[in-house]
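These notes are about the structure you will find just below.
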Amino acid sequence: MVKDEQGVIIEIIENNIAKIKVGRHNECKNCGACPGDNSLVIEAKNPIGAKIGQRISFQMKDTNMLMAAFVVYIIPLVAVVVGVLVGQVIAKSFGYSVRGFQIGGGIVTFILSLINIIKFEKFAHNNDKMQPVITQIIK
């Protein structure tokens, strides 16, 4: 499913990519992950050649937003739980203090999940199928 959004172009950068200032909708206001109260800036492909200052409509795939939310929120939580459990198993098998290994395992897997988020961000930024696309200029 594709979601249509509106915004204003604030900058055109290389390779026909535009930076768009987008007003937040209810999902964004509830999340609060991005800085600022009323708007955020995203990058989108600009195949129609829209110019700075124009109000535009762009499309984002819901599956991309869900995948990003899963990678950013769910995977780190699961990673920490797995790290704690693995730390517990290692500590018991070697006869060490369980709590220290649980904490260490949770920290290590959380850091690994942060590295995964950084890699996903680079992948999503370079993948044409995951980027929003400007579809029309609003008069």
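Predicted model, so just to flag it, every value in this text is computed and none were measured.
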Quick one: are N116 and V71 in side-chain contact, heavy atoms under 4.5 Å? yes
For residues A79 and S113, report the shortest heavy-atom separation together with the two atoms involved. CB-CB, 4.0 Å
Measuring from N127:CG to F120:CZ, what's the distance to the nearest 0.5 Å? 9.0 Å
Should I10 and I20 count as side-chain neighbours, where that means a heavy-atom distance under 4.5 Å? no
Return each pair, listed once, that meets ring-ring contact (aromatic ring centres under 6.0 Å, His included) where at least one residue sits in residues 75-105; pairs must be two or more places apart or across chains. Y96-F101
Show which residues join I13 in its hydrophobic cluster (side-chain heavy-atom contacts under 4.5 Å, direct or indirect), or state none. I17
Tell me, which pairs form a side chain to side chain donor-acceptor pair (under 3.5 Å) where one or both residues lie in residues 99-111, sequence neighbours left out? Q88-Q102
Would you please name every residue forming a side-chain hydrogen bond (donor to acceptor under 3.5 Å, both in side chains) with E43, sequence neighbours left out? none
Quick check: are there more than 12 heavy atoms from other residues, nucleotides or ligands sitting under 6.0 Å from NZ of K45? yes
Interatomic spacing from CG in D128 to CE in M130 - rounded to 0.5 Å: 11.5 Å
Could you walk me through whether V81 and L85 pass the side-chain contact (heavy atoms from CB on, under 4.5 Å) check? CA-CA 6 Å; V81 170; L85 294 174; 4.1 Å; yes
Find the distance between CD1 (I42) and CE (M60) and round it off to the nearest 0.5 Å. 5.5 Å
If you take all heavy atoms of K3 and D62, which pair is closest and at what distance? CB-OD1, 3.5 Å
Between atom OH of Y73 and atom CD1 of I117, what is the distance when rounded to the nearest 0.5 Å? 9.5 Å
Connected hydrophobic set around I118, excluding itself, where side chains approach under 4.5 Å: none
Distance-only check: which donor-acceptor pairs under 3.5 Å involve side-chain atoms of residues 131-139, not counting sequence neighbours?
residue: Q131; atom: NE2; partner: H125; partner atom: O; Å: 2.5
residue: T135; atom: OG1; partner: S57; partner atom: O; Å: 3.1

Do L66 and F70 share a hydrophobic cluster, counting only Ile, Leu, Val, Met, Phe, Trp and Tyr and linking them when any side-chain heavy atoms are less than 4.5 Å apart? no
Using the rule that two of Ile, Leu, Val, Met, Phe, Trp, Tyr join whenever any of their side-chain heavy atoms come within less than 4.5 Å, decide whether V84 and V89 are in one cluster. no
CG (N46) and CD1 (I9) are apart, to the nearest 0.5 Å, by 5.0 Å
Say whether, by atom type as modelled, one donor and one acceptor occur between the side chain of N126 and the main chain of K122 under 3.5 angstrom. yes
